[in-house]
Amino acid sequence: MNRESGHMREASMQYQGFATRAIHVGQEPDPLTGAVTVPIYQTSTYAQEEIGRHKGFEYARTHNLTRFCWEKNLAALEAGNDQKAWGFAFASGLAAIDTVMKILSAGDHVVAAEDMYGGTFRLFEKILRRFGVEFTYVDMTNPSAVRKALTPATRMVYTESPTNPMMMLTDITAIAALAREANAIMVVDNTFATPYVQQPLRLGADIVIHSATKYLGGHSDLVSGIVVTNRSDIAEQLRFLQNAAGAVPGPFECWLCLRSIKTLAVRMRQHQENAQKVAEFCAQHPAVRAVYYPGLPSHPQHELAKKQMHGFGAMISLELGTRDKAQQFARSVRVFTLAESLGGVESLVCHPVSMTHASVPKETRDKLGITEGLIRLSVGIEDSEDLLEDIAQALQ
Ligand SMILES: *Cc1c(COP(=O)(O)O)cnc(C)c1O
């Protein structure tokens, strides 16, 4: 059965603007009742008219209309109007990454970024390596390091941009060209940027991954993941793997994502406006040794950021010098909350060494600058005056 036939809510027109697509693609009023929001199809199975005859829906791991609508929506946001793309939703960001990696087989080689989400590194090293997949970690800011790491067995180049927590960028166009030359699939974890800020498929990547737990969900109230590709051969494999490995999200998570995506554009505009103010304030503060944010002219890849991003995101890392000072800061903030995760409307602070990056070896952390004094901010959409005041008092 062709899964496309499950997409009954075909867009009646092509929407040019990002915010319009976010609100309308996959979200046309329900043909049965006129409901303006997509219903939550909370069912595991579907009645069949007779043996071998049904409406294209058989079993909910494979077919769920709430999920299809969400997948179609995000595909339209990552690929734009002029490209065909396919979305595949998962139970978490890591389930999405795990399923993408199942495209590979034992003996395949991956060139991956050395500065990555700790959970991705743990999945690669502690699990996938046991299945015979080989990894080489490189500095993705340096195309010649990537070129040098490619081998005849390389089937994938895997990166994040901006990275977590050092906010380094991958020149996606340049690295995707290298991957293509080597016949390798280019994968970009776009969680920190979101499709509002950056669209890797349009820069040459083959697969985009999101932890929807972060900005796409946007309210710190769900765990989910999603993958988009514009290559039909990869879409075919992902469709098979999504069903065969089965790490699908429930319909309620998909519905929450659809609800949240409608405000992605306005949220991201406010996140970025606040983040720029926070970054500039911290850059001139004597207690802050370094600010890592692509929106500052002092960022070594500021020009690249201007070229491949629409804005600079809202994740900022600060070097405060010592663990004591980081601790003091985390203890003193009142508007910011000390917590893992990011991308919600509320501002969060985290200590990567002891929280998100505890599973990254110390040697790698030292090399990257993930020190005891480093703290990471996820700048929310509260009033910027309150955020600046909070940071000022916490730095005292
Ligand atoms: C959180 C995160 C993940 C993992 O997503 P989960 O939804 O927590 O499984 C992957 N990549 C990045 C960049 C993340 O921030």
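The shown structure was predicted, so the numbers you read here are calculated from the model rather than taken from an experiment. Both ligands and their constituent atoms are indexed starting at 1 by order of listing. Residue numbers count from 1 along this sequence.
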| query | Looking at E363 and K367, does any basic side-chain N land under 4.0 Å from a carboxylate oxygen? | reply | no
| field | Residue pairs, two or more places apart or on separate chains, that pass side-chain hydrogen bond (donor to acceptor under 3.5 Å, both in side chains) and touch residues 162-173 | value | D115-T163, T159-T170, N164-R376
| For E134, which residues count as a side chain to side chain donor-acceptor pair (under 3.5 Å) partner, sequence neighbours excluded? | R129
Which donor-acceptor pairs under 3.5 Å do the side chains of residues 321-328 make with protein atoms, sequence neighbours left out?
unit_1 : atom_1 : unit_2 : atom_2 : d
T322   : OG1    : K325   : N      : 3.1
R323   : NH1    : E372   : OE1    : 2.6

| task | Select all protein residues for which some heavy-atom-to-ligand 1 distance is less than 4.0 Å, and list them by chain and number. | result | S92, G93, L94, I97, Y117, E160, D189, T191, F192, S211, T213, K214, S224, L342
| Is D206 paired with R231 through a side-chain N to carboxylate O contact shorter than 4.0 Å? | yes
| message | With no hydrogens and no angle check, just 3.5 Å: does a side-chain donor-acceptor pair link Q276 and E280? | response | yes
